[in-house]
Amino acid sequence: NKLNFFKKKKKQKFKSKALKEVVSMEALLEAYDGHLADLVELGSIKLQTADNYRDNINRYIRPYFADVKNVSAITPARINKWLAGLVYSKVYKGKKLRSGTLRNIKARMNQIMEYAQQNYGLDSNPVEKAQDIKSDGRQNKRAEMWTLEQYQIFRETLPHYPMKVF
């Protein structure tokens, strides 16, 4: 049949469910630290950037995932629980983390899991499947406009300097 000639055959992909090798989170973080050193040496990232990444890893990732004996056991549900814990706990100087900080921490974890995919055969990245999460750590600092009366009271309390109008 001529039609069958033009149909493309689908290739079957077989992926193992486990890592090619069992690796603990601690071993993965040590290997990733070496990877950061290599990136600095190659000039791909600056030393300060690598230090900031290490700080985020040591402060927010390592304590929560230190008990993981096999990285493939980390699920998106566990990532969500970890992120929620970061959002609702006062982890930095008694203050909640801001949304940008949470995104940076999640990005570090995502890079670590991508590194595990590339170097240790992790099949999927649970961070990619995790929910995006925002913090209410920053108060809404939207400017409030003064009324004319409020401005006049403010102006009267200032020393009398010539006012410049542009």
Side-chain angles (χ1 to χ4, degrees), residues 15 17-148 150-151 153-155 158 166:
K15 284 190 171 182
K17 292 288 180 186
L19 287 169
K20 291 178 185 174
E21 52 186 286
V22 175
V23 62
S24 69
M25 188 60 158
E26 192 59 39
L28 177 60
L29 292 176
E30 291 302 318
Y32 186 74
D33 189 66
H35 174 66
L36 288 176
D38 292 343
L39 291 176
V40 170
E41 190 175 314
L42 292 170
S44 298
I45 61 173
K46 292 181 180 178
L47 180 60
Q48 182 63 44
T49 302
D51 288 342
N52 289 341
Y53 289 0
R54 287 183 185 107
D55 183 54
N56 279 343
I57 290 166
N58 291 329
R59 187 177 292 177
Y60 305 113
I61 297 172
R62 192 180 303 268
Y64 188 83
F65 293 99
D67 65 327
V68 174
K69 301 296 181 206
N70 187 354
V71 176
S72 64
I74 298 174
T75 62
R78 183 157 184 186
I79 298 292
N80 288 335
K81 185 178 177 183
W82 165 64
L83 287 170
L86 289 176
V87 168
Y88 297 113
S89 66
K90 295 182 178 181
V91 295
Y92 184 69
K93 295 182 181 178
K95 297 180 183 178
K96 291 185 178 184
L97 296 173
R98 294 183 177 176
S99 294
T101 304
L102 286 170
R103 280 192 307 273
N104 287 338
I105 295 166
K106 185 179 177 185
R108 291 305 71 71
M109 185 64 170
N110 188 47
Q111 286 178 343
I112 291 166
M113 298 310 270
E114 284 177 356
Y115 180 80
Q117 282 181 300
Q118 294 168 358
N119 296 285
Y120 296 100
L122 182 66
D123 284 334
S124 65
N125 184 343
V127 181
E128 290 176 350
K129 297 175 186 174
Q131 296 174 352
D132 286 333
I133 206 157
K134 290 186 178 181
S135 171
D136 58 352
R138 176 182 275 181
Q139 299 295 326
N140 187 0
K141 295 185 180 180
R142 187 176 183 146
E144 294 181 19
M145 301 305 289
W146 286 351
T147 64
L148 179 59
Q150 290 173 325
Y151 173 75
I153 292 169
F154 169 75
R155 181 69 183 131
L158 291 176
F166 297 98

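Since the model is a prediction, treat every value here as computed from it, not as a measurement.
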Within the structure provided, determine whether [X] and [Y] are in side-chain contact (heavy-atom separation under 4.5 Å).
| X | Y | answer |
| --- | --- | --- |
| L83 | Q131 | no |
| T101 | I105 | yes |
| Y64 | M25 | no |

Considering non-hydrogen atoms only, spot the tightest contact between [X] and [Y] and give its length.
| X | Y | value |
| --- | --- | --- |
| W146 | Y151 | CE3-CA, 3.9 Å |
| I74 | M109 | CD1-CE, 4.4 Å |
| R108 | I61 | CB-CD1, 3.9 Å |
| L28 | V23 | N-CG2, 4.0 Å |

Handout entry: side chain to side chain donor-acceptor pair (under 3.5 Å) involving N125 - partner list, sequence neighbours excluded
Key =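 Per chain and number, N125 pairs via side chain to side chain donor-acceptor pair (under 3.5 Å) with N110.
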Practice task
Using the test side chain to side chain donor-acceptor pair (under 3.5 Å), find all partners of N104 that sit at least two apart in sequence or belong to another chain.
Solution key: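 With sequence neighbours excluded, N104 shows a side chain to side chain donor-acceptor pair (under 3.5 Å) to no residue whatsoever.
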Practice task
Please list, chain by chain and in numerical order, all residues satisfying side chain to side chain contact (heavy atoms under 4.5 Å, CB included) with A107, sequence neighbours excluded.
Solution key: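 For A107 there are no side chain to side chain contact (heavy atoms under 4.5 Å, CB included) partners, ignoring immediate neighbours.
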Practice task
Could you list the residues that satisfy side chain to side chain contact (heavy atoms under 4.5 Å, CB included) with P76, not counting sequence neighbours?
Solution key: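 Side chain to side chain contact (heavy atoms under 4.5 Å, CB included) check on P76 returns P126, K129.
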Handout entry: Qualifying salt bridge (charged side-chain N to carboxylate O under 4.0 Å, His left out) pairs with a residue from residues 62-71, counting only residues at least two apart or across chains
Key =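 Counting only pairs at least two positions apart or across chains, the salt bridge (charged side-chain N to carboxylate O under 4.0 Å, His left out) contacts touching residues 62-71 are E26-R62, E30-R62, D67-R78.
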Problem - Where at least one partner belongs to residues 110-121, residue pairs that pass salt bridge (charged side-chain N to carboxylate O under 4.0 Å, His left out), sequence neighbours excluded - result: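 Salt bridge (charged side-chain N to carboxylate O under 4.0 Å, His left out) check on residues 110-121 returns no pairs.
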Problem - Under the salt bridge (charged side-chain N to carboxylate O under 4.0 Å, His left out) test, residues paired with E128 that sit two or more places apart - result: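 E128: no salt bridge (charged side-chain N to carboxylate O under 4.0 Å, His left out) contacts found.
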Practice task
For D55, enumerate each residue passing the salt bridge (charged side-chain N to carboxylate O under 4.0 Å, His left out) test, keeping only those at least two apart in sequence or located in another chain.
Solution key: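 Applying salt bridge (charged side-chain N to carboxylate O under 4.0 Å, His left out) to D55 gives R59.
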For the atom pair [atom1] ([X]) and [atom2] ([Y]), what is the distance rounded to the nearest 0.5 Å?
| X | Y | atom1 | atom2 | result |
| --- | --- | --- | --- | --- |
| L29 | D33 | CG | CG | 8.5 Å |
| Y53 | I57 | OH | CD1 | 9.5 Å |
| Q117 | S124 | CD | OG | 7.0 Å |

Handout entry: Verdict with reasoning, V71 to Y120, per side-chain contact (heavy atoms from CB on, under 4.5 Å)
Key = CA-CA 10 Å; V71 176; Y120 296 100; over 6 Å; no
Exercise for the section: With sequence neighbours left out, write down each residue that passes ring pair (Phe, Tyr, Trp, His ring centres under 6.0 Å) with Y32, or none if nothing qualifies. Expected result: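 Expected list: H35, Y115.
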Side-chain polar contacts of residues 43-52 - donor-acceptor pairs under 3.5 angstrom, sequence neighbours left out - could you list them?
unit_1 : atom_1 : unit_2 : atom_2 : d
Q48    : NE2    : N52    : OD1    : 3.1
D51    : OD1    : R54    : NH1    : 3.3
N52    : ND2    : Q48    : O      : 3.4

